[in-house]
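Sharing a structure with you now.
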Amino acid sequence: MSCFLAVVDMSGDRGGSFDSMQETRPNLPQVADSELTEPVSNAKGVTLQSVTKRYGPVVAVENLTLQIPAGSYCCLLGPSGCGKTTTMRMIAGHEDISQGDIYIGDTRINDLPPARRNTAMMFQSYALFPHKNVWQNVEFGLKMRGMKPSERQQRVKEMLVVVGLSQFAERKPHMLSGGQQQRVALARALITRPQVLLLDEPLSALDESLRVKTRGELRKLQRQFGMTFIQVTHNQDEAYALADQVVVMDHGRIDQVGTPQEIFAKPISQFVARFTGDNNIFSGEVSSVVKDTQGYLVQLAVEGLGPLICRGDFAQAGTQAACSVRADRLHLRSLSQVTASEPATNRLSARISAIEFTGYITRISLMLEKTGTELLYKSRTTDLIQKPLSEGQVVAVEWFAEDCIFLAH
Ligand code: ATP
């Protein structure tokens, strides 16, 4: 029985005391950390082929095709309602598939019940059994599978060491912090060594500092176990920190699949550029395209601002498109420093409307003088000590064409 069923207490065991469990537990040898983490040799990749999910007239997921490599960490990233959870629930078997196929490894799983998919799911709420202690919560999935007590005890002991909860084995969930509960849920999901672990916003109940710490632990565990992890998140920092593969979704469709670095540095659509970071986006019409050794330089005519030059693929003159430049790739100069002989490419004048200190980075809001368009500039705070800026100041905002990415849609 798959450990997914571990979240449904069917044992009839209302949580015997830890002491009574101790009696049946043989004296176990000390387990060294290095012995605990053999990779999961049965990790499998997941393939979705033209998968659609409809709820009556609502199309939650539309014609989704995706390959998630075995042993990788994949994050489904997107705003609320974009279809991330529905996609994961179809993989787990909690939702029927309206159209298309899902494979785990080479096995088509459309018609397999959840318990036979060899997946485990970790829920946002953790769904721990409140009446069971940590040991019993973690042990439950193995018990349901009918594993022998001696083997079970060895595995639970090992797993509690892995997640750093050995000293909390006797505690009930309400006696644990949010982070500790999260680790119990993770241990419970990992212990049956599923081929694929599905995680639904696993960090959302944690405060910021614990979230950052815990995501590091999640990543480390995924690497240690070599298991395929698929996680749903709407937080791009989390996806960047955790994933080998980020899948950005919008309105039930995939907009972009790539490494965190690719998604960050080279968004392919206005949606991805807007959703994944502090990008400044300009819409306009392609006015010319020049091929060079690096690819294409595209000139975009932007209403009210004139021509902007960006780096991109071939584009047809006359088509509507956009370009995007990251907030940290802008450069600011005082207007008096700009000389008449300098080419005016990708230079606009703007008024500083707000300066927000956030620690290492300072965020500077700008308003373009010609159109009133708002831009964001991000600077290292230390750089501003040498070149101070003030609200109300008018500056030249510049960027290199190489830092400005053409977005075809
Ligand atoms: P969130 O981050 O808010 O959880 P999500 O990206 O996970 O959002 P889904 O929960 O997959 O989004 O929902 C995708 C779409 O399907 C939404 O428009 C949602 O309203 C719709 N939907 C989900 N479940 C059902 C249902 N049982 N019946 C009808 N519509 C549904």
Side-chain angles (χ1 to χ4, degrees), residues 75 77 203 206-216 219 233-243 246 248 256 258-268 270 272-282 294 305 308-311 322-339 342-369 372-407:
C75 282
L77 173 68
L203 306 176
L206 307 179
D207 66 41
E208 175 63 18
S209 67
L210 196 53
R211 203 161 46 228
V212 170
K213 181 170 175 284
T214 312
R215 79 181 179 210
R219 181 66 177 140
T233 181
H234 58 264
N235 181 322
Q236 79 268 8
D237 289 345
E238 201 168 295
Y240 288 164
L242 286 167
V246 180
V248 188
Q256 187 169 2
T259 63
Q261 291 77 8
E262 284 163 352
I263 303 282
F264 176 71
K266 209 166 182 313
I268 61 162
Q270 290 188 51
V272 177
R274 275 185 222 285
F275 184 74
T276 57
D278 297 318
N279 287 302
N280 296 295
I281 298 168
F282 304 92
Q294 315 290 316
L305 298 179
L308 299 179
I309 313 274
C310 56
R311 173 61 71 186
C323 61
S324 166
V325 58
R326 286 207 326 258
D328 60 306
R329 305 309 292 171
L330 297 181
H331 303 272
L332 303 195
R333 272 199 291 172
S334 77
L335 286 176
S336 61
Q337 288 177 312
V338 179
T339 60
E342 289 182 67
T345 313
N346 294 353
R347 183 187 313 120
L348 301 165
S349 72
R351 187 175 295 275
I352 295 176
S353 51
I355 299 178
E356 188 187 24
F357 168 73
T358 65
Y360 178 69
I361 295 293
T362 295
R363 296 166 65 89
I364 295 163
S365 303
L366 302 154
M367 189 172 282
L368 292 182
E369 294 257 275
T373 310
E374 286 187 8
L375 301 185
L376 177 69
Y377 167 58
K378 281 166 75 174
S379 168
R380 289 193 312 172
T381 300
T382 45
D383 293 346
L384 294 174
I385 294 168
Q386 281 128 36
K387 283 197 283 178
L389 296 167
S390 54
E391 287 179 6
Q393 187 181 346
V394 177
V395 291
V397 186
E398 301 163 298
W399 59 92
F400 295 110
E402 299 304 323
D403 290 331
C404 189
I405 298 158
F406 176 70
L407 304 169

**Study point:** Residue list, salt bridge (charged side-chain N to carboxylate O under 4.0 Å, His left out) with K266, at least two apart or on another chain
**Key:**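 Testing K266 for salt bridge (charged side-chain N to carboxylate O under 4.0 Å, His left out), a comparison that skips the adjacent residues, returns none.
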
Expected list for residues 358-368: side-chain donor-acceptor pairs under 3.5 angstrom, two or more places apart:
unit_1, atom_1, unit_2, atom_2, d
T358, OG1, I361, O, 2.4
T362, OG1, T381, OG1, 2.9
R363, NE, E356, OE1, 3.4
R363, NH1, D278, OD2, 3.4

| Rounded to the nearest 0.5 Å, how far apart are CD1 of I309 and CZ of F406? |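 So the CD1 of I309 and the CZ of F406 are separated by 12.5 Å.
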
message = So which atom in N279 and which in A273 form the shortest heavy-atom distance, rounded to 0.1 Å?
response =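 Scanning both residues, the minimum pair turns out to be ND2-O, 2.7 Å.
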
**Request:** Nearest 0.5 Å please: distance from the OG atom of S379 over to the CG atom of L384.
**Result:**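 One gets 3.5 Å once the value is rounded to the nearest 0.5 Å.
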
Query raised in the report: How long is the span from the CG atom in L376 to the CG atom in L330, to the nearest 0.5 Å?
Result: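 One gets 8.0 Å once the value is rounded to the nearest 0.5 Å.
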
* Considering all heavy atoms of both residues, which atom of A322 and which atom of Q270 are nearest to each other, and what is their separation? ->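 Distance-wise, the nearest heavy atoms are CB-NE2, 3.4 Å.
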
- Residues which pass salt bridge (charged side-chain N to carboxylate O under 4.0 Å, His left out) with R211, listed by chain and number, not counting sequence neighbours: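 Once residues adjacent in sequence are excluded, the partners of R211 under the salt bridge (charged side-chain N to carboxylate O under 4.0 Å, His left out) criterion are E208.
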
### Query
According to the interplanar angle, ranging from 0 to 90°, do the rings of H331 and F400 count as parallel (below 30°), tilted (30 to 60°) or perpendicular (above 60°)?
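Rings of H331 and F400: perpendicular, over 60°.
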
| task | Mind listing the closest non-hydrogen atom pair of V246 and A243 along with its distance? | result |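 The pair with the smallest heavy-atom distance is CG2-CB, 3.8 Å.
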
Who pairs with E398 by side chain to side chain donor-acceptor pair (under 3.5 Å), at least two apart in sequence or on another chain?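 For E398, the residues satisfying side chain to side chain donor-acceptor pair (under 3.5 Å) (neighbours in sequence not counted) are R333, R347.
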
Provide the closest heavy-atom pair for C310 versus C404 in the form atom of the first, atom of the second, distance.
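Shortest heavy-atom separation between C310 and C404 comes out as CB-O, 3.2 Å.
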
Query raised in the report: Sequence neighbours excluded, which residues qualify as side-chain contact (heavy atoms from CB on, under 4.5 Å) partners of R311?
Result: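 Counting only residues at least two positions away or on another chain, R311 forms a side-chain contact (heavy atoms from CB on, under 4.5 Å) with D292, Q294, L297, E402.
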
Fill in: Spatial distance of atom CG (L332) from atom CG (L375) [nearest 0.5 Å]
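Result: 9.5 Å between the selected atoms.
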
Roughly how far apart are R326 CZ and T276 OG1, rounded to 0.5 Å?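 Going from the CZ atom of R326 to the OG1 atom of T276 covers 10.0 Å.
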
Practice prompt. First locate atom CG of L203, then atom CG of D237, and finally report the distance between them rounded to the nearest 0.5 Å.
Written response: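 Rounded to the nearest 0.5 Å, the CG-CG separation comes to 12.0 Å.
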
| task | Under the salt bridge (charged side-chain N to carboxylate O under 4.0 Å, His left out) rule, collect the residues that match up with E391, sequence neighbours excluded. | result |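 With neighbours one apart ignored, the set is empty.
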
My understanding is that only residues two or more places apart in sequence, or in another chain, count here; which of them pass salt bridge (charged side-chain N to carboxylate O under 4.0 Å, His left out) with R215?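 Partners of R215 by the salt bridge (charged side-chain N to carboxylate O under 4.0 Å, His left out) criterion come out as none, since no residue qualifies.
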
How would you list, by chain and number, every residue that makes a side-chain contact (heavy atoms from CB on, under 4.5 Å) with L335, sequence neighbours excluded?
->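 Only S349, V394, A396 meet the side-chain contact (heavy atoms from CB on, under 4.5 Å) criterion with L335.
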
Worksheet item: Within the distance-only criterion (no hydrogens, no angle test), does the side chain of Y377 pair as donor or acceptor with the backbone N or O of I352 below 3.5 angstrom?
Response: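 Here the side-chain-to-backbone pair does not exist.
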
Using every non-hydrogen atom in the two residues, find where Q256 and P267 come nearest and quote the distance to one decimal.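 Shortest heavy-atom contact: OE1-CA, 3.4 Å.
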
Of all residues at least two apart in sequence or in a different chain, which pass the side chain to side chain donor-acceptor pair (under 3.5 Å) check with E238?
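Listed in chain order: Q231, T233.
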
Could you tell me which non-hydrogen atom of N280 sits nearest to which non-hydrogen atom of A327, and how far apart they are?
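Heavy atoms of N280 and A327 come nearest at ND2-CA, 3.8 Å.
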
Please set out all donor-acceptor pairs under 3.5 angstrom arising from side-chain atoms of residues 258-265, sequence neighbours excluded.
unit_1, atom_1, unit_2, atom_2, d
T259, OG1, E262, N, 3.1
E262, OE1, T259, N, 2.9

- Task: Report the residues that fulfil side chain to side chain donor-acceptor pair (under 3.5 Å) with T373, sequence neighbours left out, ordered by chain and then residue number.
- Result: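 Scan of T373 (side chain to side chain donor-acceptor pair (under 3.5 Å), adjacent residues dropped) gives T371.
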
TODO: Using atom types as modelled and distance alone, determine if a side-chain donor or acceptor of N346 lies under 3.5 Å from a backbone N or O of L308.
DONE: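 Not at all, since once roles are kept as given, no pair shorter than 3.5 Å links the two residues.
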
Assess whether atom CD of E374 is packed by more than 12 heavy atoms of other residues, nucleotides or ligands within 6.0 Å.
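No.
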
Which residues share a side chain to side chain donor-acceptor pair (under 3.5 Å) with R380, sequence neighbours left out: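 For R380, the residues satisfying side chain to side chain donor-acceptor pair (under 3.5 Å) (neighbours in sequence not counted) are D383.
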
